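Read through the structure below, which is laid out as structure tokens, and then see the notes.
Owing to the predicted nature of the structure, the values given are computational and were not obtained by experimental measurement. Reminder, nothing fancy here: chain letters follow the sequence lines and each chain counts from 1.
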Amino acid sequence: MTELNDIPEEQVPQVIQAFILSGKSLITIEKQADDMWTVRGE
Amino acid sequence: MIHLFRRCVAFILLPALASGCAIGFDSTLFVTKSNVGLDVDTKPPTAELSIARREVVVAPAFVDGQTPPVLAGFKTGNRMLFGFDVSSIFAGGDAAWTLTEKQPQANSTAALCLPTEPKGDLRLGPLPLGQVTLPREDEIRPFVFGTDTTFGLKAAWSGMTAQFPDSLKIGFNRKEMALAPVFGRAVQGDAACPYRVQMPAFLATIEVGVDAQTPQSAEAAYRQSFATGKAATALAGEEQVKRILLSRLESAYAKGTYNPDGNSACILNWASAADKSLDSAKAGEINDWLASRGVPGQLPLFLYAQQYEAERALFISEKSITCP
């Protein structure tokens, strides 16, 4: 399980691509209270 | 006490000999037992609420410490009261060997090479009980391989304990067992491997994932495979199966904060294709490097997390990347 916090919205697609290329098959994204995003992969 | 021990050993070994099987001489016994949750049993008396794992192998050992390969992996990620993940892999023979190979080779085999035909002297203290040789190519031996999995609630009654169950299991409980014969074969004209020893391939995997953070998003996933022989070896080469084993080596929970630095930009520039997306070959190179550093699967953190600043600097240095 890998988690990256405080991602600006415009960077989320690039971060998700990195999760995919790292071999994560289950990726979830979540909006934080401060409008930043958290991406998790496992 | 010693006499009692010898009697116990004889009690176990003699029936095995009578049935033509000497475990640890001409066959390999490989057993695991896993429990995540509650396990109450009367035979033997057990009561545990735990993550428990037991592994036993009794295999023949030959010259230079060679043994028929077996492999077992077990991973559990507990989300406390909100579900859990469990995965387990159990393999032997060529399947175990294939699982450990980074790049499976076409003619790769787990066969052992011995200089001469081995012979085992079965003894009970000073008393010789007989000599054991490996089954040859013209013999047939039984191969026993099985798993028993409970996921959820299981209560069993024998009727001996009135209204109370003999055993009660809640959670994940799994037993895996293989009793595999070990065959030997003289190879004429092969000076490098005059006597080959091999046992059948077998592979059993299971993945269970339960997520119950909210009633609306509650979900459960269950995947299981079971194979022997060439099917087991072929299945062991699949990336999906290898991932079950390799994921054991990942840190259970890696977390980072998005804060890319100048080296992030440098590496992203080096690893990006013409359309600015990450090049999969370059990403693979980074993944291999991270795996060699003991942090496999952390490409996103490596590229973007402030906690991986030192790793990025080291990567640029080792790969001699020129930053603009």
Self-check item: Heavy atoms of other groups near B/E309 CD, more than 12 under 6.0 Å
Solution: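 Result for CD/B/E309: open.
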Quiz item: Can you tell me if NZ on B/K230 sees more than 12 non-hydrogen neighbours from other groups inside 6.0 Å?
Solution: no
Look up atom [atom1] in [X] and atom [atom2] in [Y], then write down how far apart they are to the nearest 0.5 Å.
X	Y	atom1	atom2	result
B/L303	A/Q17	CG	CD	10.0 Å
B/Q298	A/K24	CD	NZ	5.0 Å
B/N259	A/N5	CG	CG	12.0 Å

Quiz item: What closest approach, in Å, do A/L4 and B/Y258 show between heavy atoms, and which atom pair accounts for it?
Solution: CD1-N, 3.7 Å
Quiz item: What is the minimum heavy-atom distance between B/N287 and A/L21, and which atoms define it?
Solution: ND2-O, 2.8 Å
Quiz item: Is chain A contacted by the side chain of B/L278, its backbone, both, or neither, given a heavy-atom distance below 4.5 Å?
Solution: both
Quiz item: So which part of B/A305 gets closer than 4.5 Å to some heavy atom of chain A, the side chain, the backbone, both or neither?
Solution: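 Both backbone and side chain.
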